[in-house]
Amino acid sequence: MSSAPRSPHIAVIVTTLGRPQLLDRLLLSLTGQTLPPAQVLVMDGGGDGRTRAVVERHAVRLPVRRTAAPHGTSAARNAGLVRLGVLDAAAVARPDPLGTLDAMLAGVPAVPPQPRRPLYEDVPLPVMVGAGGQAPEPESEPHPIDIVVFADENTWYPPDAFEAGVRVLAPPVDVLSGRMLDAEGDDARPGAGADGPGPLDARTVWTRAAIGACLFRTGFLRAVGGFDEGLGAGCDTPWQSGAETDLLLRGLRAGKTIVFDPEVGAFGHDPDAPGPAHHARARHDARGTGRVYRRYYDGYGCARVLVRPLGGAAKAAARGRWAESAWYLHKAIGRLEGMTGMLLPAPPQDAPRR
């Protein structure tokens, strides 16, 4: 008699800056999953003992471990993938900066992503810590990981999130994105689920895919080589966003299937996030967006994402909303900076982002 097929093993990689209340809420939601994760890896960028205390408290009921994270969200996530055995450190991709727009201007084919030496490879990672502050004994037969979820500390999940996601994540689907909800349960991205479930493409991936609500098959992550460590919050370049969309776009280029299903959801709310009028955040995030557009889109696509915020700035100015108009202008300028690689003076961010 053949044995029943096992449930897929899910690993959750959590990036945290050491905000214990938010991390506690996330880990509590993982403990309550109807399909619990096989491993939870907390990449700790906080640098103090608060994260350790939260992890130790939850380790009694949850297979959670922590390790110090290298600088930058993308590098931390890649380090987590290496720790889990999903990626080999030498295979982490650093896509070539020559993209679609560059290729058009130069008259040469765009260069596909190439594996490069990862930035974090020389950073020693401390031993992971389990309950009681002691290093856990190595598992004799560690669970092979089938699915990976990337959660920030300001994310949490309804009890059936993983079970519902696994039902949708059947071949040939490589990545599932659900809806990202705010603390009240409303769409964090209004209109994202208006068209119902379906496959995503290079246009819809920007508006309908949210990293915290995504489930990734490990084969997808191996095929694309993980996150580009030159993009994303806290990286060592000016391109402080776009790493998640870049990952998905590389997958689409490689022929992978990404779908959206509004019946699968995750919650996300950051009480410390700046408001929509925060010009510095708009500017720095827009630089990463511009960089990704330069890599994957033609001149028409790049022009469209410049014209849109310029139109918003003109419309806001006509109504006397000067702060809103300035926000749109910073967004347009930041995108242009990312596309050209030429940086202009910008307002500083309040605090370094990881």
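For the residue pair Asp152/Thr155, the side-chain donor-acceptor check at 3.5 Å is not satisfied. Side-chain contact, Thr51 with Asp44: a donor N or O sits under 3.5 Å from an acceptor N or O. Residues Gln240 and Arg281 bring no donor and acceptor atom of their side chains to less than 3.5 Å of each other.
A side-chain donor-acceptor contact under 3.5 Å links Arg179 to the backbone of Pro262. A donor-acceptor contact shorter than 3.5 Å is absent between the side chain of Arg291 and the backbone of Gly242. At least one donor-acceptor pair closer than 3.5 Å links the side chain of Tyr157 to the backbone N or O of Gly212. Of the possible donor and acceptor atoms, one in the side chain of His71 sits under 3.5 Å from a partner among the backbone N and O of Gly234. Of the possible donor and acceptor atoms, none in the side chain of Thr67 sits under 3.5 Å from a partner among the backbone N and O of Met43. Looking only at distances, a side-chain donor or acceptor of Arg222 sits under 3.5 Å from a matching main-chain atom of Val86.
Arg25 has no carboxylate O lying under 4.0 Å from a charged side-chain N of Glu153, or vice versa, which leaves the two without a salt bridge. Comment: Arg208 does not engage Asp261 in a salt bridge, judged by the lack of any side-chain N to carboxylate O separation of less than 4.0 angstrom. Salt-bridge annotation for Arg217 and Asp146: absent, with no side-chain N of the basic residue lying under 4.0 Å from a carboxylate O of the acidic one.
For residues 160-176, no pair satisfies salt bridge (charged side-chain N to carboxylate O under 4.0 Å, His left out), with sequence neighbours left out.
The salt bridge (Lys or Arg N to Asp or Glu O under 4.0 Å) check on Glu244 picks up Arg77, with sequence neighbours excluded.
In this structure, Arg287 fails the cation-pi test against Trp239, since its NZ or CZ atom is not both closer than 6.0 Å to the six-membered ring centre and inside 45 degrees of the ring normal.
Between Trp206 and Tyr293, the ring-plane angle classifies as parallel under the 30° and 60° cut-offs.
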